[in-house]
Amino acid sequence: MILSVDAKNAALQGIANKLNEGTNSVLSLFIGETLAAEIALLNPVQASIANAVMTFKVPPKALAIASGVPTAAKILDASGTLIATLDVATELTLDKAQIYQGGYVTLTALTMGV
């Protein structure tokens, strides 16, 4: 199946709608299997949806609970349901390459494409 850009944008809007339900959805960052930080996403989450890419609003920083280089990221809705697993290397940008326990984790960019 090949979707049109309009259809992809509609799919991303559906994901945004799901993430905007209830209280804040969460971006969970992992180092291996260890949860390193949870960043509460803003509501609404999307800054824009265009050309099959959703750009998220940049959320506030969060405290890290583990140290290391992030290897995985997951977006959970307000109920804790997994919505997406992201590629740490291409879909999000942190202010530092490594996370340090007790330090702040600052997300500077987050996108999701279909």
Q. Does some side-chain heavy atom of L19 sit less than 4.5 Å from a side-chain heavy atom of I75?
A.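 Counting from C-beta outward, I75 and L19 do come under 4.5 Å.
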
Q. Less than 4.5 Å apart, any side-chain heavy atom of S25 and any of V45?
A.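 A side-chain contact exists here, since the closest heavy-atom pair is under 4.5 Å.
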
Verify same cluster id: [X], [Y] (apolar side-chain graph, 4.5 Å):
| X | Y | answer |
| --- | --- | --- |
| L12 | I83 | yes |
| M112 | V5 | no |
| I15 | V53 | no |

Please find the pair of heavy atoms, one from [X] and one from [Y], that lie closest to each other, and give the distance.
| X | Y | result |
| --- | --- | --- |
| V105 | A64 | CG2-CB, 3.7 Å |
| A97 | P70 | O-CD, 3.5 Å |
| I65 | A37 | CG1-N, 4.3 Å |
| V114 | K8 | O-CD, 3.4 Å |
| L42 | P60 | CD2-CD, 3.8 Å |

Residues in side chain to side chain contact (heavy atoms under 4.5 Å, CB included) contact with [X], at least two apart in sequence or another chain:
| X | value |
| --- | --- |
| A73 | L27, L29, L86, V88, L92 |
| T93 | T108, A109 |
| T81 | D77, S79 |
| S28 | V26, F30, L35, E38, L76 |

Q. Where the side chain of T55 meets the backbone of T111, is there a donor-acceptor pair that is under 3.5 Å apart?
A.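 Flag not set: sc T55 to bb T111 has no pair under 3.5 Å.
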
Q | Stepwise side-chain contact (heavy atoms from CB on, under 4.5 Å) check, L107 with L94 | A | CA-CA 5 Å; L107 183 68; L94 301 174; 3.9 Å; yes

(Q) Looking only at the side chains, is there a donor atom on one of E21 and N17 sitting less than 3.5 Å from an acceptor on the other? (A)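 Side chains of E21 and N17: no pair found under 3.5 Å.
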
Q. What pairs meet the side chain to side chain donor-acceptor pair (under 3.5 Å) rule with one or both residues in residues 40-53, with sequence neighbours excluded?
A.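 Output for this query lists N20-Q46.
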
Q: Nearest 0.5 Å please: distance from the CD1 atom of I49 over to the CD atom of Q13.
A: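 Rounded to the nearest 0.5 Å, the CD1-CD separation comes to 4.0 Å.
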
Q) With ILVMFWY side chains joined below 4.5 Å, transitively, what does Y104's cluster contain besides itself? A)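 Besides Y104, the cluster holds L63.
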
